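All of these numbers come straight from a predicted model, not from anything done at the bench.
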Amino acid sequence: MTDGTERYTQEIKVVQSEIASLRSELRRFIECANRQHVDTALNGLRKEYAGVFVEQQLSDADQRLQERMIRECPMRERCYAAFCEFLKSSAEHIKDGEVSEAVIQSYRDRLAAMRKGGNLESCSTCFAETNRLFEKQIELMRSLGIYRSSQQASSSIADLSDEILVRDILEPLANRHRFRIVQSLAAGTQTFSDLSKLTGLRGGNLLFHLKKLQDAGMILQRHERGDYIITEKGYKTLKGIGTLQP
């Protein structure tokens with residue numbers, strides 16, 4: 001009786017081990033499939049809508065510069081044209097399949113050189129806004145998987161800013177609706193209607209959560225009123241959370 005019980009116990013352990021192994025293989029398969037989905041979707045997004053993203057960035061830049069540049073400055077029109085040309089040139093790289101750190105640094109150097117030429121007290125305001133718009137372009141490049149800095153690749157937990165960590169990673173996914181949205185997008189592209197059915201949210205309530213995730217760089221919209229897709233950052237964040245599960 002004891003021998004039979006021991007054999008039964010051993011068989012159970014073998015079965016449990018095989019199930020654990022199958023779960024591990026299945027998890028790796030799902031991660032690989034999701035990874036391929038994200039890569040394919042982002043590649044298609046870059047090719048099909050790169051021009052739309054550029055237009056959106058330039059339209060936003062034009063509006064922001066018009067609103068926030070110093071109006072009484074005698075150099076306003078000249079600087080406005082220079083800033084627009086700078087942002088237009090940098091935005092064109094959104095169409096590239098990959099943007100190197102050297103290219104990004106060349107634009108930072110170019111903007112710094114332009115800043116040295118400004119000798120008015122009000123110049124800092126206009127240059128700060130132009131720099132903010134340039135950084136916004138870089139964030140879009142990161143979201144599309146076009147640009148990844150060496151600092152970003154080698155950063156450790158100790159290097160993370162607590163403010164940025166909470167604002168751009170923890171807070172956006174701390175809401176169950178937003179987490180479910182990102183989770184669903186990891187499996188495939190979703191429409192506004194799909195996400196509304198998933199979360200039970202409608203209109204402005206759903207838009208509020210989608211904007212939170214877009215501002216954090218977790219998701220992108222193909223174009224105005226288009227489908228939603230998870231970004232490189234969103235996928236990696238979700239995958240990181242997945243490793244915490246027992």
Side-chain angles (χ1 to χ4, degrees), residues 45-46 48-96 99 103-144 146-147 149 161 163-169 171-172 175 178 192 203-229 231 233-234:
L45 193 65
R46 285 193 291 263
E48 188 172 357
Y49 297 106
V52 175
F53 284 132
V54 171
E55 290 179 8
Q56 288 178 339
Q57 288 290 312
L58 295 181
S59 176
D60 180 58
D62 178 75
Q63 180 181 348
R64 296 288 182 175
L65 290 175
Q66 291 281 15
E67 291 175 353
R68 302 187 181 187
M69 286 184 68
I70 303 299
R71 295 190 178 279
E72 297 78 15
C73 180
M75 297 292 293
R76 175 185 166 89
E77 292 305 316
R78 181 177 175 181
C79 290
Y80 168 79
F83 292 149
C84 284
E85 191 280 329
F86 171 84
L87 293 169
K88 180 179 180 181
S89 178
S90 58
E92 286 295 321
H93 290 286
I94 295 173
K95 298 177 181 179
D96 297 343
V99 179
V103 169
I104 297 298
Q105 187 58 48
S106 71
Y107 279 96
R108 295 192 194 280
D109 293 342
R110 179 176 165 185
L111 190 60
M114 292 169 63
R115 178 67 184 91
K116 286 183 179 180
N119 54 13
L120 298 177
E121 185 177 346
S122 59
C123 287
S124 58
T125 299
C126 299
F127 274 98
E129 182 60 27
T130 303
N131 184 69
R132 191 193 70 80
L133 291 167
F134 175 58
E135 292 297 329
K136 187 176 179 180
Q137 291 181 1
I138 294 176
E139 280 304 309
L140 176 58
M141 293 177 191
R142 286 196 180 102
S143 295
L144 290 169
I146 297 171
Y147 170 64
S149 67
S161 161
E163 180 181 354
I164 293 176
L165 180 63
V166 172
R167 183 192 67 204
D168 293 346
I169 298 178
E171 195 276 335
N175 176 279
R178 293 198 288 272
F192 186 89
N205 288 332
L206 179 56
L207 284 173
F208 169 80
H209 292 292
L210 291 173
K211 188 174 187 306
K212 278 273 189 182
L213 292 171
Q214 286 178 284
D215 290 345
M218 296 283 184
I219 67 172
L220 283 172
Q221 191 175 19
R222 287 183 182 272
H223 53 82
E224 188 177 1
R225 296 186 179 181
D227 295 349
Y228 291 89
I229 180 176
T231 65
K233 177 181 177 181

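To the nearest 0.5 Å, atoms CZ (R178) and CD1 (I219) are separated by 10.5 Å. The line from OG of S90 to NZ of K136 is 13.0 Å long, rounded to the nearest 0.5 Å. Of the inter-residue distances, the one linking L210 atom CG with N205 atom CG reads 11.0 Å to the nearest 0.5 angstrom. Rounded to the nearest 0.5 Å, atoms CD (E92) and CG (L87) are 12.0 Å apart. To the nearest 0.5 Å, atoms CD1 (I104) and CZ (F134) are separated by 5.0 Å. The NZ atom of K211 lies 10.5 Å from the CG atom of L207; values are rounded to the nearest 0.5 Å.
A heavy-atom distance below 4.5 Å is not found between the side chains of Q221 and F192.
The two residues F86 and L111 make their nearest non-hydrogen contact at CZ-CB, 3.9 Å. Here the closest heavy-atom approach between residue S89 and residue Y107 is recorded as OG-OH, 2.8 Å. Considering all non-hydrogen atoms of both residues, K88 and L58 come closest at CA-CD2, 3.5 Å. Shortest non-hydrogen contact noted between I94 and M141 is CG1-CE, 4.1 Å. In terms of heavy-atom proximity, M69 sits nearest to R76 at O-NH1, 3.0 Å. Smallest separation of non-hydrogen atoms from I70 and C126: N-SG, 3.5 Å.
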Pair R108-I138, side-chain contact (heavy atoms from CB on, under 4.5 Å): steps then yes or no: CA-CA 11 Å; R108 295 192 194 280; I138 294 176; 3.4 Å; yes
Check against side-chain contact (heavy atoms from CB on, under 4.5 Å), L140 and L220: CA-CA 9 Å; L140 176 58; L220 283 172; 3.9 Å; yes
Candidate pair K95 and V54, rule side-chain contact (heavy atoms from CB on, under 4.5 Å), full reasoning: CA-CA 8 Å; K95 298 177 181 179; V54 171; 3.9 Å; yes
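Donor-acceptor pairing under 3.5 Å is recorded for the side chains of D109 and Q105.
Proximity of a side-chain donor or acceptor of S106 to a complementary backbone N or O of V103 within less than 3.5 Å is detected. Checking side-chain atoms of K212 against main-chain N and O of E171 turns up no donor-acceptor pair under 3.5 Å. The backbone N or O of Q66 sits less than 3.5 Å from a side-chain atom of R71, completing a donor-acceptor pair.
Look at R132 and E129 and you find a salt bridge, because one of the NZ, NE, NH1 or NH2 atoms lies within 4.0 Å of a carboxylate O, short of that distance. A salt bridge links R142 to E139: at least one charged side-chain nitrogen sits closer than 4.0 Å to a carboxylate oxygen.
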